[in-house]
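Take a look at the structure below.
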There are 2 protein chains.
Amino acid sequence: MRVSTRARYGINAVFELAKNYQGEPIAIKTISERQKIPMQYLEQLIVKLRKAGIVNSLRGAKGGYTIAKKPKDITAWDVIACLEGAFAPIHCKRYEEEGCDHEDDCAGQHIWTKVNSSVMQAVENITFADLIKEFKEK
Amino acid sequence: MRVSTRARYGINAVFELAKNYQGEPIAIKTISERQKIPMQYLEQLIVKLRKAGIVNSLRGAKGGYTIAKKPKDITAWDVIACLEGAFAPIHCKRYEEEGCDHEDDCAGQHIWTKVNSSVMQAVENITFADLIKEFKEK
DNA sequence: TCATACCCAAGTGTTTATGTCAAGATTTGT
DNA sequence: ACAAATCTTGACATAAACACTTGGGTATGA
(Lines give C-alpha, C1' and ligand atoms only; values in the text may rest on other atoms or scores of the structure.)
Protein backbone atom coordinates (compact mmCIF):
# COMPACT_ATOMS: atom_id res chain seq x y z
CA MET A 1 0.00 0.00 0.00
CA ARG A 2 1.27 3.33 -0.90
CA VAL A 3 0.54 7.00 -0.59
CA SER A 4 1.58 9.10 -3.53
CA THR A 5 3.99 11.95 -3.17
CA ARG A 6 1.18 14.16 -4.38
CA ALA A 7 -0.59 13.67 -1.10
CA ARG A 8 2.59 14.15 0.89
CA TYR A 9 3.60 17.26 -0.96
CA GLY A 10 0.10 18.61 -0.63
CA ILE A 11 0.03 18.08 3.10
CA ASN A 12 3.38 19.77 3.48
CA ALA A 13 2.43 22.71 1.31
CA VAL A 14 -0.85 23.31 3.07
CA PHE A 15 0.93 22.93 6.37
CA GLU A 16 3.30 25.67 5.36
CA LEU A 17 0.37 27.93 4.56
CA ALA A 18 -1.50 26.95 7.67
CA LYS A 19 1.40 28.09 9.79
CA ASN A 20 1.08 31.41 8.01
CA TYR A 21 -2.61 31.76 8.72
CA GLN A 22 -3.68 35.39 8.38
CA GLY A 23 -0.21 36.36 7.19
CA GLU A 24 0.98 37.69 3.86
CA PRO A 25 0.69 35.51 0.75
CA ILE A 26 3.52 33.09 0.17
CA ALA A 27 4.83 32.50 -3.34
CA ILE A 28 5.05 29.01 -4.78
CA LYS A 29 8.76 29.37 -5.07
CA THR A 30 9.05 30.01 -1.36
CA ILE A 31 6.88 27.05 -0.47
CA SER A 32 8.78 24.78 -2.79
CA GLU A 33 12.06 25.83 -1.25
CA ARG A 34 10.92 25.53 2.32
CA GLN A 35 9.24 22.20 1.87
CA LYS A 36 11.59 20.95 -0.82
CA ILE A 37 8.99 20.30 -3.42
CA PRO A 38 9.79 20.65 -7.13
CA MET A 39 8.33 24.00 -8.02
CA GLN A 40 6.54 23.23 -11.24
CA TYR A 41 5.12 20.09 -9.82
CA LEU A 42 3.84 21.95 -6.81
CA GLU A 43 2.28 24.44 -9.15
CA GLN A 44 0.11 21.72 -10.58
CA LEU A 45 -0.91 20.45 -7.19
CA ILE A 46 -1.73 23.81 -5.78
CA VAL A 47 -4.12 24.52 -8.62
CA LYS A 48 -6.21 21.64 -7.38
CA LEU A 49 -6.04 22.88 -3.85
CA ARG A 50 -7.28 26.26 -4.99
CA LYS A 51 -10.14 24.80 -6.98
CA ALA A 52 -11.07 22.78 -3.94
CA GLY A 53 -11.25 25.94 -1.90
CA ILE A 54 -8.45 24.95 0.43
CA VAL A 55 -6.12 27.77 -0.52
CA ASN A 56 -6.58 31.24 -1.95
CA SER A 57 -4.36 32.83 -4.52
CA LEU A 58 -3.34 36.40 -5.05
CA ARG A 59 -1.91 37.29 -8.41
CA GLY A 60 0.63 39.83 -9.37
CA ALA A 61 3.59 41.21 -7.52
CA LYS A 62 3.61 40.39 -3.82
CA GLY A 63 1.15 37.68 -4.70
CA GLY A 64 1.16 34.12 -3.61
CA TYR A 65 -1.01 31.77 -1.65
CA THR A 66 -2.81 31.86 1.63
CA ILE A 67 -4.87 29.26 3.35
CA ALA A 68 -8.57 29.69 2.69
CA LYS A 69 -9.97 28.54 6.02
CA LYS A 70 -8.99 28.28 9.61
CA PRO A 71 -6.44 25.54 10.17
CA LYS A 72 -8.85 23.77 12.46
CA ASP A 73 -11.37 23.58 9.66
CA ILE A 74 -9.12 21.78 7.22
CA THR A 75 -8.48 18.10 7.71
CA ALA A 76 -5.76 15.94 6.26
CA TRP A 77 -8.53 14.19 4.43
CA ASP A 78 -9.55 17.35 2.61
CA VAL A 79 -6.10 17.72 1.15
CA ILE A 80 -5.57 14.07 0.39
CA ALA A 81 -8.95 13.60 -1.24
CA CYS A 82 -8.39 16.65 -3.37
CA LEU A 83 -5.03 15.51 -4.68
CA GLU A 84 -5.34 11.80 -4.65
CA GLY A 85 -8.67 11.41 -6.34
CA ALA A 86 -9.67 8.11 -4.86
CA PHE A 87 -7.51 7.76 -1.82
CA ALA A 88 -9.32 5.54 0.56
CA PRO A 89 -11.68 3.76 -1.75
CA ILE A 90 -9.75 0.68 -2.63
CA HIS A 91 -11.97 -0.73 -5.26
CA CYS A 92 -12.07 -4.01 -7.00
CA LYS A 93 -11.14 -3.08 -10.54
CA ARG A 94 -12.50 -6.33 -11.73
CA TYR A 95 -15.85 -5.50 -10.24
CA GLU A 96 -15.96 -2.10 -11.82
CA GLU A 97 -14.97 -3.26 -15.23
CA GLU A 98 -16.61 -6.57 -15.74
CA GLY A 99 -19.09 -6.84 -12.96
CA CYS A 100 -17.66 -9.26 -10.49
CA ASP A 101 -19.46 -12.55 -10.82
CA HIS A 102 -17.96 -14.10 -7.78
CA GLU A 103 -18.99 -11.48 -5.33
CA ASP A 104 -20.17 -14.02 -2.80
CA ASP A 105 -16.82 -15.65 -3.00
CA CYS A 106 -14.86 -12.50 -2.65
CA ALA A 107 -12.96 -12.42 0.58
CA GLY A 108 -11.57 -9.06 -0.23
CA GLN A 109 -14.66 -6.93 -0.01
CA HIS A 110 -14.90 -7.23 3.71
CA ILE A 111 -11.27 -6.42 4.24
CA TRP A 112 -10.97 -3.44 1.95
CA THR A 113 -14.14 -1.94 3.29
CA LYS A 114 -12.71 -2.07 6.76
CA VAL A 115 -9.38 -0.69 5.69
CA ASN A 116 -11.03 2.15 3.87
CA SER A 117 -13.18 3.20 6.73
CA SER A 118 -10.39 3.06 9.25
CA VAL A 119 -8.07 5.09 7.08
CA MET A 120 -10.73 7.65 6.42
CA GLN A 121 -11.56 7.94 10.04
CA ALA A 122 -7.91 8.46 10.85
CA VAL A 123 -7.29 11.25 8.37
CA GLU A 124 -10.62 12.95 8.89
CA ASN A 125 -9.77 13.45 12.50
CA ILE A 126 -6.50 15.23 11.86
CA THR A 127 -6.77 18.96 11.27
CA PHE A 128 -4.01 21.35 10.43
CA ALA A 129 -4.53 22.97 13.76
CA ASP A 130 -3.48 19.65 15.27
CA LEU A 131 -0.42 19.50 13.09
CA ILE A 132 0.61 23.00 14.01
CA LYS A 133 0.16 22.25 17.66
CA GLU A 134 2.20 19.09 17.27
CA PHE A 135 4.85 21.09 15.48
CA LYS A 136 5.05 23.79 18.10
CA GLU A 137 5.42 21.31 20.88
CA LYS A 138 8.68 20.08 19.46
CA MET B 1 -3.73 5.03 -1.78
CA ARG B 2 -3.71 1.76 -3.44
CA VAL B 3 -3.53 -1.93 -2.72
CA SER B 4 -1.82 -4.05 -5.32
CA THR B 5 -3.51 -6.97 -6.95
CA ARG B 6 -0.87 -9.11 -5.31
CA ALA B 7 -2.50 -8.53 -1.98
CA ARG B 8 -5.96 -9.04 -3.36
CA TYR B 9 -5.03 -12.19 -5.19
CA GLY B 10 -3.25 -13.47 -2.14
CA ILE B 11 -6.21 -12.89 0.11
CA ASN B 12 -8.49 -14.62 -2.33
CA ALA B 13 -6.18 -17.57 -2.76
CA VAL B 14 -5.66 -18.10 0.93
CA PHE B 15 -9.36 -17.72 1.43
CA GLU B 16 -9.93 -20.52 -1.02
CA LEU B 17 -7.53 -22.73 0.92
CA ALA B 18 -8.96 -21.68 4.25
CA LYS B 19 -12.36 -22.87 3.17
CA ASN B 20 -10.73 -26.20 2.44
CA TYR B 21 -9.08 -26.47 5.86
CA GLN B 22 -8.15 -30.09 6.57
CA GLY B 23 -9.22 -31.14 3.10
CA GLU B 24 -7.21 -32.53 0.19
CA PRO B 25 -4.56 -30.35 -1.44
CA ILE B 26 -5.83 -27.98 -4.11
CA ALA B 27 -3.80 -27.43 -7.27
CA ILE B 28 -2.79 -23.96 -8.33
CA LYS B 29 -4.76 -24.40 -11.49
CA THR B 30 -7.90 -25.02 -9.52
CA ILE B 31 -7.37 -22.00 -7.31
CA SER B 32 -6.64 -19.81 -10.26
CA GLU B 33 -9.81 -20.90 -11.99
CA ARG B 34 -12.02 -20.56 -8.96
CA GLN B 35 -10.66 -17.18 -7.97
CA LYS B 36 -9.89 -16.00 -11.48
CA ILE B 37 -6.24 -15.35 -10.94
CA PRO B 38 -3.71 -15.80 -13.76
CA MET B 39 -2.16 -19.13 -12.97
CA GLN B 40 1.50 -18.39 -13.41
CA TYR B 41 1.19 -15.18 -11.53
CA LEU B 42 -0.50 -16.94 -8.68
CA GLU B 43 2.32 -19.44 -8.71
CA GLN B 44 4.76 -16.72 -7.82
CA LEU B 45 2.61 -15.34 -5.11
CA ILE B 46 1.98 -18.66 -3.54
CA VAL B 47 5.69 -19.34 -3.30
CA LYS B 48 5.93 -16.42 -0.94
CA LEU B 49 2.99 -17.63 1.04
CA ARG B 50 4.67 -20.97 1.41
CA LYS B 51 7.95 -19.46 2.51
CA ALA B 52 6.05 -17.40 5.04
CA GLY B 53 4.52 -20.56 6.45
CA ILE B 54 1.00 -19.61 5.54
CA VAL B 55 0.40 -22.48 3.15
CA ASN B 56 1.86 -25.95 2.73
CA SER B 57 2.66 -27.53 -0.57
CA LEU B 58 2.58 -31.11 -1.73
CA ARG B 59 4.45 -31.92 -4.90
CA GLY B 60 3.79 -34.46 -7.55
CA ALA B 61 0.59 -35.94 -8.82
CA LYS B 62 -2.38 -35.23 -6.58
CA GLY B 63 -0.32 -32.46 -5.13
CA GLY B 64 -1.33 -28.93 -4.45
CA TYR B 65 -1.68 -26.56 -1.55
CA THR B 66 -3.25 -26.62 1.83
CA ILE B 67 -3.47 -23.98 4.45
CA ALA B 68 -0.75 -24.32 7.06
CA LYS B 69 -2.60 -23.14 10.13
CA LYS B 70 -6.10 -22.87 11.45
CA PRO B 71 -8.06 -20.15 9.65
CA LYS B 72 -8.51 -18.33 12.94
CA ASP B 73 -4.74 -18.12 13.30
CA ILE B 74 -4.12 -16.37 10.01
CA THR B 75 -4.90 -12.71 9.70
CA ALA B 76 -5.36 -10.61 6.61
CA TRP B 77 -2.25 -8.81 7.74
CA ASP B 78 -0.18 -11.98 7.54
CA VAL B 79 -1.02 -12.43 3.90
CA ILE B 80 -0.75 -8.80 2.95
CA ALA B 81 2.56 -8.28 4.70
CA CYS B 82 3.97 -11.34 3.05
CA LEU B 83 3.03 -10.28 -0.46
CA GLU B 84 3.17 -6.56 -0.28
CA GLY B 85 6.52 -6.09 1.34
CA ALA B 86 5.95 -2.76 3.00
CA PHE B 87 2.23 -2.44 3.09
CA ALA B 88 1.38 -0.25 5.99
CA PRO B 89 4.67 1.48 6.61
CA ILE B 90 4.32 4.56 4.53
CA HIS B 91 7.78 5.92 4.79
CA CYS B 92 9.28 9.17 3.88
CA LYS B 93 11.63 8.21 1.09
CA ARG B 94 13.37 11.47 1.51
CA TYR B 95 14.09 10.69 5.11
CA GLU B 96 15.48 7.28 4.34
CA GLU B 97 17.69 8.42 1.56
CA GLU B 98 19.06 11.73 2.55
CA GLY B 99 18.20 12.08 6.17
CA CYS B 100 15.35 14.47 6.33
CA ASP B 101 16.67 17.79 7.47
CA HIS B 102 13.32 19.35 7.98
CA GLU B 103 11.96 16.74 10.30
CA ASP B 104 10.61 19.31 12.69
CA ASP B 105 8.83 20.90 9.84
CA CYS B 106 7.38 17.72 8.49
CA ALA B 107 3.65 17.70 8.84
CA GLY B 108 3.47 14.30 7.25
CA GLN B 109 5.07 12.21 9.93
CA HIS B 110 2.20 12.54 12.30
CA ILE B 111 -0.37 11.72 9.67
CA TRP B 112 1.27 8.73 8.10
CA THR B 113 2.04 7.27 11.47
CA LYS B 114 -1.62 7.42 12.33
CA VAL B 115 -2.70 6.04 9.00
CA ASN B 116 -0.27 3.20 9.29
CA SER B 117 -1.33 2.17 12.71
CA SER B 118 -5.00 2.34 11.92
CA VAL B 119 -4.61 0.28 8.79
CA MET B 120 -2.54 -2.28 10.59
CA GLN B 121 -4.98 -2.51 13.40
CA ALA B 122 -7.79 -3.04 10.93
CA VAL B 123 -6.17 -5.86 9.01
CA GLU B 124 -4.62 -7.52 12.01
CA ASN B 125 -8.02 -8.00 13.49
CA ILE B 126 -9.43 -9.83 10.52
CA THR B 127 -8.78 -13.56 10.47
CA PHE B 128 -9.72 -16.01 7.78
CA ALA B 129 -12.11 -17.60 10.20
CA ASP B 130 -13.93 -14.26 10.17
CA LEU B 131 -13.98 -14.18 6.41
CA ILE B 132 -15.33 -17.70 6.19
CA LYS B 133 -18.02 -16.89 8.68
CA GLU B 134 -18.89 -13.78 6.75
CA PHE B 135 -19.04 -15.83 3.59
CA LYS B 136 -21.27 -18.51 5.02
CA GLU B 137 -23.74 -16.01 6.34
CA LYS B 138 -24.53 -14.88 2.83
C1' DT C 1 7.29 -44.70 -16.76
C1' DC C 2 4.53 -41.06 -17.28
C1' DA C 3 1.34 -37.57 -16.39
C1' DT C 4 0.69 -34.35 -12.82
C1' DA C 5 1.87 -30.80 -10.30
C1' DC C 6 5.04 -27.97 -7.77
C1' DC C 7 9.51 -25.20 -8.10
C1' DC C 8 12.50 -21.60 -9.93
C1' DA C 9 14.72 -17.86 -12.65
C1' DA C 10 14.48 -14.62 -15.97
C1' DG C 11 12.35 -11.86 -19.30
C1' DT C 12 8.66 -8.78 -21.14
C1' DG C 13 5.10 -5.45 -21.86
C1' DT C 14 2.22 -1.91 -19.83
C1' DT C 15 0.85 1.42 -16.88
C1' DT C 16 1.37 4.84 -13.44
C1' DA C 17 3.74 8.18 -10.88
C1' DT C 18 6.66 11.68 -10.93
C1' DG C 19 8.28 14.98 -12.58
C1' DT C 20 10.23 18.59 -16.59
C1' DC C 21 9.81 21.87 -19.99
C1' DA C 22 7.91 25.39 -22.86
C1' DA C 23 5.36 29.24 -24.13
C1' DG C 24 2.69 32.11 -23.34
C1' DA C 25 -1.60 35.07 -20.95
C1' DT C 26 -3.06 37.66 -17.06
C1' DT C 27 -2.99 40.32 -12.89
C1' DT C 28 -1.07 43.57 -9.67
C1' DG C 29 2.21 46.40 -6.71
C1' DT C 30 5.71 49.84 -7.18
C1' DA D 1 6.03 50.92 -17.63
C1' DC D 2 7.98 47.15 -15.49
C1' DA D 3 8.76 43.28 -12.73
C1' DA D 4 6.78 39.82 -10.05
C1' DA D 5 3.84 36.58 -9.61
C1' DT D 6 -0.09 33.50 -10.72
C1' DC D 7 -2.68 31.04 -14.48
C1' DT D 8 -3.21 27.75 -18.45
C1' DT D 9 -2.27 23.81 -20.90
C1' DG D 10 -0.07 20.64 -23.21
C1' DA D 11 3.50 17.86 -24.42
C1' DC D 12 7.43 15.17 -23.07
C1' DA D 13 10.67 12.10 -20.28
C1' DT D 14 11.81 8.65 -17.15
C1' DA D 15 11.91 5.29 -13.93
C1' DA D 16 9.77 2.14 -11.11
C1' DA D 17 6.27 -0.93 -10.10
C1' DC D 18 3.09 -4.20 -11.65
C1' DA D 19 1.14 -7.91 -13.93
C1' DC D 20 2.04 -11.49 -16.43
C1' DT D 21 4.79 -15.00 -19.53
C1' DT D 22 8.23 -18.24 -20.81
C1' DG D 23 10.90 -22.09 -20.32
C1' DG D 24 12.66 -24.92 -18.09
C1' DG D 25 13.60 -28.26 -13.74
C1' DT D 26 12.07 -31.60 -10.01
C1' DA D 27 9.24 -34.58 -7.12
C1' DT D 28 5.49 -37.97 -6.70
C1' DG D 29 1.40 -41.03 -7.16
C1' DA D 30 -0.61 -44.43 -9.98
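Predicted model, so just to flag it, every value in this text is computed and none were measured. Reminder, nothing fancy here: chain letters follow the sequence lines and each chain counts from 1. Side chains are part of it too, since the values below use all heavy atoms of this structure and drop only hydrogens, waters and symmetry mates.
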Rounded distance (Å) that lies between atom [atom2] of [N] and atom [atom1] of [X]:
X     : N      : atom1 : atom2 : value
A:N56 : D:dA5  : CG    : P     : 18 Å
B:K48 : D:dA19 : NZ    : P     : 11 Å
A:R6  : C:dT20 : CZ    : P     : 15 Å
B:Y65 : D:dT28 : OH    : P     : 14 Å
A:I37 : C:dT18 : CD1   : P     : 13 Å
A:K29 : D:dA3  : NZ    : P     : 16 Å
A:M39 : D:dA4  : CE    : P     : 13 Å
A:I26 : D:dA4  : CD1   : P     : 19 Å

Would you say the base of [N] and the side-chain of [X] have a donor-acceptor pair closer than 3.5 Å?
X     : N      : value
B:R59 : D:dT28 : no
B:Q44 : D:dT21 : yes
B:E43 : C:dC6  : no

Students often get this wrong, so: under 4.0 angstrom with heavy atoms, is B:L58 touching a base, only sugar-phosphate, or nothing?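 Touches sugar-phosphate only.
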Between [X] and [N], is there a side-chain N or O to OP1/OP2 distance below 4.0 Å?
X     : N      : answer
A:T5  : C:dT18 : yes
B:R8  : D:dA19 : no
B:Q40 : D:dC20 : no
A:R50 : D:dT6  : no
A:S4  : C:dT16 : no
B:Y9  : D:dA19 : no

Return the minimal non-hydrogen interatomic distance between A:I26 and A:E16, and the atom names on each side.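 In terms of heavy atoms, the two residues are closest at CD1-O, 4.3 Å.
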Centroid-to-centroid, A:F128 to A:Y21, below 6.0 Å?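 No, they do not, as the ring centres are separated by 6.0 Å or more.
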Drop me the distance from A:I80's CD1 to A:I126's CD1, to the nearest 0.5 angstrom.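 The distance works out to 7.5 Å.
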In Å, rounded to the nearest 0.5 Å, how long is the span from NZ of B:K69 to CG of B:D78?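 So the gap between those two atoms works out to 5.5 Å.
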Among C:dT18, C:dA5, D:dG29, which nucleotide has an atom closest to any side-chain atom of A:Y41?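 Minimum distance to the A:Y41 side chain belongs to C:dT18.
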Measure from the side-chain heavy atoms of B:I28 and tell me the nearest of C:dT20, D:dT6, C:dC6.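 Of the candidates, C:dC6 comes closest.
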Exam field: side chain A:N20 to backbone A:E24, donor-acceptor pair closer than 3.5 Å: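 Such a contact is found between A:N20 side chain and A:E24 backbone.
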Check: A:R8 main-chain N/O paired with A:T5 side-chain donor or acceptor under 3.5 Å: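 Flag not set: sc A:T5 to bb A:R8 has no pair under 3.5 Å.
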For A:A61 and for B:I46, locate the closest nucleotide of DNA chain C by heavy-atom distance; then report the residue assigned to the nucleotide nearer the 5' terminus.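 By nearest-heavy-atom nucleotide position, the 5'-most residue is B:I46.
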